[in-house]
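Letters go in sequence order (proteins before strands), and every chain restarts at 1. All values reported here derive from a predicted model rather than from experimental measurement.
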Amino acid sequence: HQSSTGREERRFAEVPRESIKLMAESTGVELSEEVAALLAEDVCYRLREATQNSSQFMRHAKRRKLSVEDFNRALRWSNTETVCGYGAQDALPFRPLKEGELFFVEDREINLVELALATNIPKGCAETMVRVHVSYLDGKGNLEPQGTVPTAVQSLSEDLLKYYQQITRAILGEDPHLMKVALIDLQSNSKIAALLPYFVYVISGVKSVSHDLDQLNRLLHMVKSLVQNPYLYLGSYVRSLVSSVMYCILEPLAASINPLNDHWTLRDYAALLLSHIFWTHGDLVSGLYHQILLSLQKVLSDPVRPLCSHYGAVVGLHALGWKAVERVLYPHLPAYWANLQAVLDDYSVSNAQVKADGHKVYGAILVAVERLLKMKALSLTLAAEGSSAGLPGTTTGAVGFRENSPGLSPPPEPLSEPPLGIASHLQAGGAGCQWEEWTPVSLPAMYCELYSFFGDSLAVRFSTDPPLGGAPPPGPCQPLEGRKEPASSAPNLENTRKMPQLTASMNISPRQDGSPRMEPQPPSLAATVPGRSLSRSSSSSSVSRSRSSSSRPGRSTSQSRDIFPKSRFPLPQAGPPAFSFIIGGRQMGRRCLGRRFQTSFTPTPPLTTLPPRAYAHKLPVIGRVSKPVRRWTCSHYSLHLPL
Amino acid sequence: MAAVQDGQMELDAEKETKPEILSDGTSNLSGNTASGTLSSSPLTAAPAGGAPKMEDQQTLIAVLQFLKRNKLTDSVEILRREAGLGEDQEDSQATDGSGGGKGDVDGGDANSLLSRVSITSAAAPQSVIIFHSIIFFYSYRFGKVGGADDQPDVSVVLSAYSQQGDPSLYQVYYSGLKNFIESVLDCHRAELSQLFYPLFVHMYLELVYNNHENEAKAFFEKFSGDQECYYQDDLRVLCGLTKKEHLKGNEVLLDFRTSRFVLRISRDSYQLLKRHLQERHNNQIWNIIQEHLYIDIFDGMPRSKSQIDSMSGSLAGEGKREVNKAKVFHGLLKEPEIEVPLDDEDDEAENEEGKPKKKKTKKDSLGSKSKKQDPNAPQQNRIPLPELKDSDKLDKIMYMKESTKRIRLGPENLPSICFYTFLNAYQGLTAVDFTDDSSLLAGGFADSTVRVWSVTPKKLRKVKSAADLNMIDKESDDVLERIMDEKTASESKILYGHSGPVYGVSFSPDRNYLLSSSEDGTVRLWSLLTFTCLVGYKGHNYPVWDTQFSPFGYYFVSGGHDRVARLWATDHYQPLRIFAGHLADVTCTRFHPNSNYVATGSTDRTIRLWDVLNGNCVRIFTGHKGPIHSLAFSPNGKFLASGSTDGRVLLWDIGHGLMIGELKGHTDTIYSLKFSRDGEILASGSMDNTVRLWNSMKAFDEVETDDFTATTGHIHLPDNSQELLLGTYHSKSTPVTHLHFTRRNLLLAAGAYNSQ
């Protein structure tokens, strides 16, 4: 109300003494009539004075309109507190209240949600610029129009608007060819920065088309194109895109009610996309990784959520890399397993659909866990290799390794092979997150525990992996093995000792996680598994054996067994042979011989004795898990569905 | 603004007014000086007022006064008796003083006042004395002393005081005077009407000061309507003042208290007034006239209403005639001799014209300036000026070349206008400047930034970093090109540093520096080579409204809310001169083309011209009815144009100190004025979105400045604005913030597009 004073010609606006009294009362001061009158008059005068002073700021700013800013400047120069909250450019409506004589500045509540989801995205401020125009030539008016003022979002010209309409129509339309063209253009167009908010808005429409898998798919493709466009700076829009993608991954979509709809594929694709966004643009938003992990974890730990949501969480974690799996899925597995087990054990007809879903989840977890083991082994190997150079068995070397190993520090970038690319990214990303409460679990312990859940189906996973390479080892594996050879020179001594115990062919090549462990592993294991030193002194073959046997009771009996008393897989006796065998199989992997050996061997123990193998056996039948494995040599991409 | 810090402000104001009075007073009589000091420090004033031989008595009187103030009436009488300070003595002393001379009116009267006071107290009963001394105390503090009447009749004096105590009579006095003035002859009426406004203000303030709030309101109600319309702004301020406490710290009041309102009245009119007041024993009004007004009496015909109106309107009345008597060297300095490498340069430059002819014209244009030594020009070294650098000489050569291609403007040959529109200037464009060669454009914004644009295809580049500079070959010919960092090339650069709106920007003549003045109280010097701030000149402590480089660089002037203009040199962090005298904010500052003078425009509606050499105020121009926001010197240095919020442009003859033209046409504040390069055309740009072109040559020629008008300062302005207006050019919705004539006389205008 203050700026309204003082503009009248003769009589000024006045603050009534009632107002003064009210204000005084609000601060707990009683004012007599006389004092209030004096104060009122003084306040009026001060206001007038400030207003008069403020007008010079208006004049010098070469404006006609007195702004609140001008008034505040006058107040500031007279050492008075400024009036805050009236900086808006628009005039503030002054309203009376019918009941009682009260007048106030209207201050509407603003619905932030509405504002956030509003379709008319506010335009930014355009750059201040100077334009020249010959206004008058030789004193005569120039008839040429003065030219238009470039608007704030300059790029939202007619052309761009048209482009936007065409693109969205093509992508969401029926013609697949047109869609492809549109997507490709979206990927490579360098001039669409101004449209980004619009596209992001369109994409955020996923929530409204959850019944239409096709549309969801198209929108996800749009995300992918935008993410891949090298000219676009996504900035804070990453968050919005991620939330849209997460929606597709996690939400029980309307489309998934119908079992015929392959919403699994959509989730897989969205998960892949999520990892892609994260690896390429994760640095734009701080804390994004942690946030994603949290929301995935939340879904996973929520038993009320349908299995498809859980599935989404698992594939999402898987897509974010083995570290995410280790961090979230692995510790959560014991608790989750009980629920899943219950579903899988229910053979009733009514449960058939749910059970099928359960198998999906089971498969997804298996895949995730498998890669976790592999990658962890690999990282250990690499770490070991890295330290083995300066490791002639001295204590300093051991210390050096110890420092390396518990933290699972990522292998140096140059060592990573193509499939490792994502994992190394994860480590980079993971490094930014806080992992305080998380203590790494040693690989054998982890394997043991996981084996207690999956039984031989886990073993099968490993056994089925290498043969895919066929006679000539698959490309990606080449460097790995090439790298392995020199490193294995040291362990070879022990491998030869191990040889008699298994078969000669088995031990020719060191296993990723097995052989390097011989020398360097002990110190690290010693940290987690007590009694390690015992087995260390024994022969190498017994190392692997005794390790599994010694660590197994240590962990799986204490933890998983307590939690799952009705766990059906065998006790230590059944485990060790399978374990040692798998190692063998893995070692064999390099040679074609190994495969035969494995395949013949693997089925036997689980099939005959263990219920878990039933799932393991069934898995390929159930569906999709087998497919990707077959198609992609590298398990990191086992969930990848090329589109 | 300064309301809260009034105590300090008053001190400041007093400090600042003193130098002004001294500098003004060089041409005044000593009496004026004394009266000026009187208003600021009452105790020292008394001895200063009289002749030196009276000093002892003066001191005695001062002591008496002090005793009286403390109500020690017995002591007063004793002292009086012992000192033998009789009435007669005092009386003669008083007449001495009052008869001092034409300029001495107030000085003498101040003296006589004191004697009256002592007479009164000596003769009157005690109760009256006490009453009197209380009033005396109050009124003296306020700067108003009662009881200056030529009649030594005690009862009259007493009645005067009792009348003063009766506020209800103020209306009677005022309307009495009003009736008298309305009844006199027409020729005197206009002159005497000048009294209305200052009397009204002082009577009103007196009422307020003596806590007669209701009477003050009634007084205001009744007579404020009679005042001239151009005093509306001041009346609005006055109207708000109804409490004695409010008087403190009010700036307008400060002005009224510290300065005397100057009126020019012919001797006849003055006699008339004096006689009337004596007849009526209207001491109240007489006191005010003696105390707060300075009546500049001239012999001759009374002025007409229009003559008076054209000169009045300022916060403190007209300038005294003596003030504008000082000699002003308004001529241009001799152009430095520059050997123009005529041969090769000309060959390249122009092929159309014949070589020999070309050479001749070149030499002529060079010689014409150097040969003729303007009799009005100051000595070349009156103000030490920086020496020309090689680059300056090159620039001068460029300038001369350009000027040969200059278009001769005139009423039939109007300039083309290019409008530089600032688009998307949401921050608020507050100031603009072009370089002299029109290659750079700077804008000051309300968001504290300064932005510099290149308006030629040549982009703005920074100098390389020190490390990179070490690498370059310093002997190479193109070293100036090599030091620039090509990577930093861009069309515009933003300079961050101020913490308040930037109200003034100015390029140095060599285009290496930029000045900006801001609300934060500083003037900053920016390098246009590194685009960084080099110096922040602190001194104003209040918003700095304007700044400008001298036409020769090195010096610059700034003016601000602290009512002073300051002259700085770029290599001094403290000002070289402080030009104090304006009664309100200094809103715009301009250097005279010869750099020896500085013109300042102010919110007190006056323009002052200051001598850079000695800091004296050499001209006071009154006549504007609103704050002055733009000034421009004619290229020959003889004339000054000023524009104000009242939408009028006034033209001034600097040499004679006269107003010579009034250009009416704009409907809003004039923010920019510029003469064409030859001075034939004056362009004015205003908030009303127009550029108007005026025939300045005609305006200057038509005024006959004979000796009479020059001495009296009474001009009669022809109302010929419409004839002088050559064209009105509208922009779409862009107030004209700045105008600039290129070296070839193309008019560039700049302003921010206003979308509302």
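- The candidate from Pro735(B), Gly727(B), Ala446(B), Pro627(B) with the greatest count of non-hydrogen atom pairs under 4.5 Å with chain A is Pro627(B).
- Taking the side-chain contact (heavy atoms from CB on, under 4.5 Å) definition, one finds that Thr280(A) meets it with Val227(A), His276(A), sequence neighbours left out.
- When heavy atoms are compared at a cutoff of 4.5 Å, Glu519(B) approaches chain A by way of both its backbone and its side chain.
- With sequence neighbours excluded, no residue forms a salt bridge (Lys or Arg N to Asp or Glu O under 4.0 Å) with Lys493(B).
- Residues Trp77(A) and Asn541(B) approach most closely at CZ3-O, 3.3 Å, considering heavy atoms.
- In this structure, chain A has no heavy atom under 4.5 Å from any part of Glu412(B).
- For the options Leu235(B), Asp668(B), Val502(B), Asp546(B), heavy-atom pairs under 4.5 Å to chain A are most numerous at Asp668(B).
- Between Lys217(B) and Glu41(A), the closest heavy-atom pair is NZ-OE2, 4.0 Å.
- In this structure, Thr430(B) and His60(A) have side chains that are not in contact, with every pair of non-hydrogen atoms separated by 4.5 Å or more.
- A pairwise comparison of heavy atoms in His629(B) and Arg59(A) identifies NE2-NE, 3.4 Å as the closest pair.
- Taking the six-membered ring for Trp and thresholds of 30 and 60 degrees, Phe57(A) and Trp545(B) have ring planes more than 60 degrees apart, a perpendicular arrangement.
- Distance alone, capped at 3.5 Å, is enough to place a donor-acceptor pair between the Arg64(A) side chain and the Met687(B) backbone.
- Contacts between Arg63(A) and chain B at a heavy-atom distance below 4.5 Å involve the backbone alone (N, CA, C, O).
- With values rounded to the nearest 0.5 angstrom, Thr603(B) atom OG1 is found 6.5 Å from Gln56(A) atom CD.
- Looking at Leu441(B), the atoms closer than 4.5 Å to chain A (heavy atoms on both sides) all sit in the side chain, from C-beta outward.
- Lys62(A) and Thr737(B) get closest at one heavy-atom pair: CD-CG2, 3.4 Å.
- With values rounded to the nearest 0.5 angstrom, Thr51(A) atom OG1 is found 11.5 Å from Arg236(B) atom CZ.
- The local environment of CD in Glu25(A) is crowded, with over 12 non-hydrogen atoms from other residues, nucleotides or ligands closer than 6.0 Å.
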